[in-house]
Each structure stands twice: as structure tokens, then as C-alpha cells.
Amino acid sequence: MGVAITRQWTGYAAAVRLGWAVSSNWTRPILFIVYSVLRPVSMALILAVMYTVITGNAAATRPYLAFLIVGTAFWSFIQEGVSEFATGILEDRGRYHILKYSYMAPLGFPIFLIGRATSKLASAAASVVIVLLVGTLALHLDISPLRVDYPLLVAACLLAFVSVIAFAITLSMVLLAGRDLHGYGEIMAQFLYLFSGAIFPISVLPGPIAWLASLSPLPYWLELCRRAIMHGQAYLMFPNLSDGEVFLRLVAATAGTLLLGYVLYRMADRRARRLGYIDMEANW
Amino acid sequence: MARTHHPSSDTSRLAVETRRLTRVYKTRRELTTALQDVDLEVGEGELFGVLGPNGAGKTTLIKILVTLLLPTSGQAFVDGLDVVTDYKRLRSRIGMVSGGEQAGYGILKVREQLWMFSQFYGMDSTAARKRIDELLERLGLSDAANKQITGLSSGMRQKMNLVRGLMTDPRVLFLDEPTVALDVSAARDVRSEVRRWMREDPTRTVILTTHYMQEADELCDRVAIVNRGRIVAEGTPRALKQSVDDDVIVDLQLDPGTPVLDRLRAIEGVGAASVREEDGVDRFSLMLADDGVLPRVMTTVEGAGRHVSGLVRRQPTLEDAFVKLVGRSMTEEEA
Amino acid sequence: MSTAQHVQHSPLRIFLKTIAARAYPRVMAANRQKTWVFFDMAFPMVGALAMVLVYQGLHAPRQYLGFVVMGGAMLAFWQNVLWSMAAQFSWDRGNGTLELYVISPTTFEGVLLGMALGSMFTVTLRAGAILLLGSLLFGITYTAAGTLPAIGVFLLTLAALYCLGMLLASLFLFYGREAWHLSNAMQEPINFLSGLYFPVNALGAYVGGAASLVPMTLGLDAMRQLLLPGTPVFIPAGTEALLVAVQIPVFAVLAGISLRYMEIRARRDGKLVTRWE
């Protein structure tokens, strides 16, 4: 039992290192940083300009700007952890032809995927910090590291990461079970964008879609991040819920994601093997 | 509008000529000399082989000659045109097929893919389709003409690549390991088509790099042996084999045991020695100065505790000439 | 003396045939892989929808939704330039197809134009769908009188964008994965600077002026001025159209120079023969 856990942990750590090497090894660090930073910062600036042209940056509406910027910052975890991750797995299969070896390794493919996804989350952390810095310094948001509710932030993020990883590896396996689905990782991340409450409250969505969005863990996670960082001045998506109630909903939604992810993963895995898609060559 | 070109310079009788051709690769840490002062002359209509172990510089030579790579120094001419300054004119006269090539678009069918490449040479569409069908037929690929590329076996894919190289009727065709990883039958089809294609027009030239000595021996009019970026020998396969005619060639089969290759090489009178493992036994190929060396070989083998399971004296092959010149077999890694 | 005569076709013939031949796989892909319908439609549509919802969350006037819809439609073309044209050389290099382009008598310009034209059908359909569905869904009205001039500006913008795409493609001849990252890094900043989701005058004269180097900035602003009443004027639409027209030959010439230069550099440094990195 102990030996098995140690072996899995070692394999997991190796997969994390591999993921990091794949993401950062081939290019100059400066370009990697530019790539990791420019995208989320530009997105934040787009939203800031959209906000400014409509509100004129009026003091009363400033919490809404913070809502946009914090949501965009933490969105990097989804962008990297889901979209970039799924694209990377498909490239391992179709472009570099190495996925079959990871799949066959005694470590177990899910552990390999979890390791790779973890490295993606780690590489997104820099983007999150930088967007928050831009928000604080350039957009003058009232964010202070001394006033952040760290226990709430860490607990919410840890739970959310479980969901993000579950979503990422399930999506990857679903994409592996199909032909020529390169690019769909990004589309799925865009769909999550709509359901996450990252850049607009989910109440803006039409009724049934807003209800669907409320089943996702992402709005609760982002709500808790905003509450933890903006210390009582956050624009709230769920003004009637306490921190504890939002957290409970996050726990429930995470459990639901894990269950659904497990079922979908198993189904997709069987299909991919049945159709011989694990070592399929790219066709684009 | 098509126009006709007549090669006019003095070098036009030579299909390929290189003068002190050198190529150095620079990385952040080191310089690697892939080719060093290579002088080569290949006549029009020749099927010329370039033999060498991995990393010898064969592919670098080909890449320079097909204008993909610039030489660091020296000169190279193909069909009388300088590969550095006249590369635009040259490109309509050459073709290249590499082993294991994956080029093209998997969504296309075989015939479509070949047609697409023919258009990059300005071929008339109808003529191109006719030529493609003719070549597919010759290579036994007619049934696959409407198959998508992704569904082809590696042998079929390589035959398709060969059709691509042949269909534009290049003046000089470069074949870089064209039969690598192919089964015996597919490799034979490729070789026989190359021969037939050359017979159609005696001025066509083929430059072939290969790992397979038998292929070079069977196909090539002349070969150059390249090692560590230099040409170490050049001539007809027969002439190269004659260079080891005075030696006694012995194949020695030993059961597994202590390594003895270095000890055998150290024996006075052993010109060259190579070994390959096959079916669980070590097969040594030894080049001896005369029959008198053999007892010393046997003493060394027995001294190492190895059991001899077979001993044959045979005629020299191109492989033996290669081993004598390079000091190791084609498949043996450099120490 | 050689006995054979070698047929060498004219560069124009090769150029035209290359365009048709390289467009062919794109057309066939659209025909044989129906997944593009979902991929090409859903991606920009969802992106545009998200931005519309941001404006709705801010209770913005309806004309701003029109900015987003037009920006989303234009984004389809920009993404096509960036990923299906410029970055395609990265794929082609990886599987060895680039080598075959290089050793043939064709030109990169022909290959790139073929790629662009080959995907024009799907991209136009994608942009049209965003425009139509977005306009119907969000009740956006356009100035009818501005339609013809807007189509003219659109065609100019398209030409300039594709010439810029050729310039970017030259980077992929030499740089492999780094150019890929560069394209990725450029995507959002250009979405920001070109005012894809807001009127470009919001960026101010200096930033907006610098952003005008990307043809989409001026082209999109001119089209908005012509079609959406009440669009804040950055530069008058006529002047913007003229500036975009000037960009066409400038980018075309720069692309030609850069493609030649990058090819020579790549031949010198052995970058054309590098497979998957």
C-alpha cells in the first residue's frame, strides 16, 4: 500500500516536472514570460476600457471594475489548466506521437494527466499575480496583500483546482476519444467562460443558462476569491449568501464535477481504445 | 508560358560537382563540422551512391545540394547551377525524396496530394494527372489512388513519395535513404522503379544515400564513402570491393560471452573487424592480411573463453570495403 | 553537352497554379471534416457573446453591442491570418512539407495566398454567421447607406491583413516554436489595441495611433463609422480607408523582403530542415 502510494507520488512528481519542461523548455524565458503575461493583462485592459467607456470610471462603480479584473486574473488558471492543457495532450498524440508511451506507462494515465495539469496550474500562478498587480498599480484597485483573507482564498482555490484538474483530464480524454478535435480545448474553455461568472455576473445570463451556471463550481470559487481579496468591498454575485454558504456550494459543485468527470473519463477512455485513437496521427 | 532551357556552362556534363564543400553547424555551446572539404563529381546519367554511418554528413550534403542549406564554405553545382547563387533556376530541375517522409496533408487522397505538389512546378494539370496515374500503376498503387493519406501503410506512403519525386521529371533526383524501414518487397519495388525511371532518359541522374550496402552495390554506378564529414573513398562498387581482394575475409560465429572485438582488432594482421548480434550469437566479420593470421585469431577467441560455433571464408562485399575504410560497420556506433 | 531539354515554366504560371493547389487542401478539409462548422462558428460566437454580456452587465447602450458583433466578425479574419496562414509554416516545417515547398520552383507568396484563399469560404461564413446571428439576437441596426462603402473598406482591410499575415509568416520560416508563442502573445494585445470590442478613440490619440499599424484597427473603426450611427470618430472614415489602402503595398513589399531574407537566414542556420522541436 505504502509502496504503491510512494510510486504514484513519484510518478505524479515526474509528470509535473515533464509538464513544466514541455511548457518552458523550448523557448527563451523572456518569451515565455511575455506569453504568460501579455494575454491576461491585455484581456484585463480590454475589460477596463469597456468598463471606462460605459461608466466613465465613476467611484460608485469601482467595485464592478474590481469584479472584472479579479475574475480575469483567476481565469488564467482555467485558460492554462483546461484549454492549454487539453491542446498539449492532443499535440502529444498527433504531433509528437509520444502520448501512447505515457498511456502505456505503469504509472497510470490519470496520474500522468493530473501531474501535467498541476504544472499548468503552477505556470498560470504568475499570470494571476501580474494581473492583480496591474489592477492595483495601473487601475488603482483597492487591493492590499495585508488585507487578503488567505485561509478563505487558499481553501477556495484548492477545492477549485480539484475541479479544474478533473475537468481538464476529462476533457482531454473526451477529445482523445474523437478524431481531429484540435482546438476544441479552447472552445470548451470559452464555454466555461460563459458559465463561470469571470467577467459578468451569471445573473446576466438567460434563466435556464444561469441555472446551469449555478451548478458549476467556478462562480462560487471566483466569488470567494473576490470576497477574500476585496475584503468586503467586492461586487457580489451571491449577495444573499454568506462566505460559508458559498463555500458549501463550492464543495457540493466540486463533488458533482468529480463524479461526472469520473463517469465521462471512463466512457471516453473505453471509446478511445475501442477505436484505436490513442496513437492517432494528426490530420491537420 | 513554358520555355526550354539548355545548360550551357562547361560544368553541365556534370550533374553534381562540389569543391571543398564544408558545412559547420553552430549551437550556443559548440561547433560541429558535418562536412569538411568535400570534392565530388557526378556525371550526368549516373546513379551515384553516398554511403556512410549515422552522422557522417550524408543528409547534410543532400540538403545543401537541394538548396535547403547553405554551405559554410566551398562551392556546389547541380546541373551546372550554383546552389547558392542560382538556386531559383535550379529548383525546377531537382527533386528529393526522403525515407520516412510525412510531408503533405492527411486530409487529401493520394492522387490529390500528388497533383498538388505537381502544381508547385507549374505542370499542366491534365498532363500531371496522366503522369501520376502512370507512376501509381507502375508502383502498384493504383488501388490506393483514391485513399486518404492517413490510411496508407508506411510502404505505400513511401511509394507515393517516390511518385512525387519522379512525376516532375527532375534532371537530378536526390533519394535520401528511400527504402529505410520498408519491407523487402516494397524496397524492391522502389529500387526497380528508380532503375526504370533512369532508363527512360539516359541523362537523368540520381544521388542516393543509403545505409544498405546491398542496395548500393545493386543500384549504384559509383559510390562515395563518407565518414565524419569527409569522403574517404570513391569508385564503382566493383573497384571498392577489389580494394579488399587481397585480404582474407572470414565470418566467425561465437556463442555469447566476454567481449573480444577490441582484442581481435589488436591482433597483428587483422585489418578490420566488426561484429553484429544475430539470433543470440555474435557474428564477427574479420579482414585478415593472410591465412596465417587465423590461428592467432582462434587462440585469442579461446583465451577469452568464447566458443566458436561457425567459421566461413567468403568473397569480399562492399560492406567489407566500408569496414576497412571506416574502421567499423555501418550499424556499429562510433566509440 | 546535355542531350535533354528541361522545361521551365514561367514564374507567373507557377504562382497561379500554386495558389490554386495550396487552396485545394483547405477546400477539401472544409468538405471532408465537417467539424469545422462547429469549431469555426462556436469559437468566435462564444467569445463575442461573452463580451456582449459584459456590456449588458454594465447596462451599456445597444450600439456597443454592435461594436462587439462587428469586432467578433473581424476577429474571424484576424485569427485566420494569424493561425491558418502565418502559423501554418510551423506545422509544415514540422512534418517536412516546408522543405518540399522550398526545393520546388514556387514562391512562399503563392503558397500563403493559396492558404488564405482556401480558407476564405469557411472564414467568411464564420464572420457572416456572427454578424447575422449577433445582429438578430441583440437587435442591432445598421445604416443602409453605409453598406457599399463599408464593403469597400472591408476588402481593403482584408488585403492589408493578409499582407501583414505574409510578413508574420516569414518569422515562422526561421523561428519555430518561438514564433508560435509570439503569435499567441500577439493575439490578445492586438484584440485590445485594435479596439475589437470598443471604439478605438477610447485608447486616446497616441495608443490608438500606434495601434493603427494593424490594419484591423483603422478598417474596423471606419466600418463602424459607416454602419453604426453614433460611433465616436477617431479619424474620419475616408482617411482611415486611405491609410489602410497605403498599408497594402507597404506590407506586401515588406513581406516579400522578409520572406526572402528569412529564407536565406534559415538556409544558413539550417532552420528549414528542423523537424518537430
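Each chain gets a letter, A, B and so on, in the order the sequences are listed, and its residues count up from 1.
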Any A:Val49 side-chain heavy atom under 4.5 Å of C:Phe192 side chain: yes

Which bit of A:Tyr51 comes within less than 4.5 Å of chain C, counting heavy atoms only: side chain, backbone, both or neither? both

Atom pair OH/CE of A:Tyr193 and C:Met51 - distance to nearest 0.5 Å: 5.0 Å

Considering only heavy atoms, which portion of C:Phe198 lies under 4.5 Å from any heavy atom of chain A: side chain, backbone, both, or neither? side chain

Checked A:Leu47, A:Thr52, A:Leu45, A:Ile46 vs chain C; the most non-hydrogen pairs under 4.5 Å come from A:Ile46

Any side-chain heavy atom of C:Val46 within less than 4.5 Å of one from A:Phe191? yes

If you look at every heavy atom in C:Val54 and A:Tyr64, which pair is closest and at what distance? O-OH, 4.4 Å

Going from CD on C:Gln187 to CG on A:Leu38, what distance comes out if it is rounded to the nearest 0.5 angstrom? 12.0 Å

If you measure from CD on A:Gln190 to CE on C:Met45, what distance do you get to the nearest 0.5 Å? 13.0 Å

Nearest heavy-atom approach of C:Gln56 to A:Val204 is CB-CG1, 4.0 Å

Residue part contacting chain A, namely of C:Phe67, when any heavy atom lies under 4.5 Å: neither

Decide yes or no for C:Asn191 and A:Met43: does some side-chain heavy atom of the first lie under 4.5 Å from some side-chain heavy atom of the second? no

When rounded to the nearest 0.5 angstrom, what distance separates NE2 in C:His59 from CD1 in A:Ile54? 11.0 Å

Answer yes or no: is there a side-chain heavy-atom contact under 4.5 Å between C:Tyr55 and A:Val53? yes

From A:Leu205 atom CG to C:Leu49 atom CG, the distance as rounded to the nearest 0.5 Å: 8.0 Å

Starting at OG of A:Ser42, measure out to CG of C:Leu193 and round the result to the nearest 0.5 Å. 7.0 Å

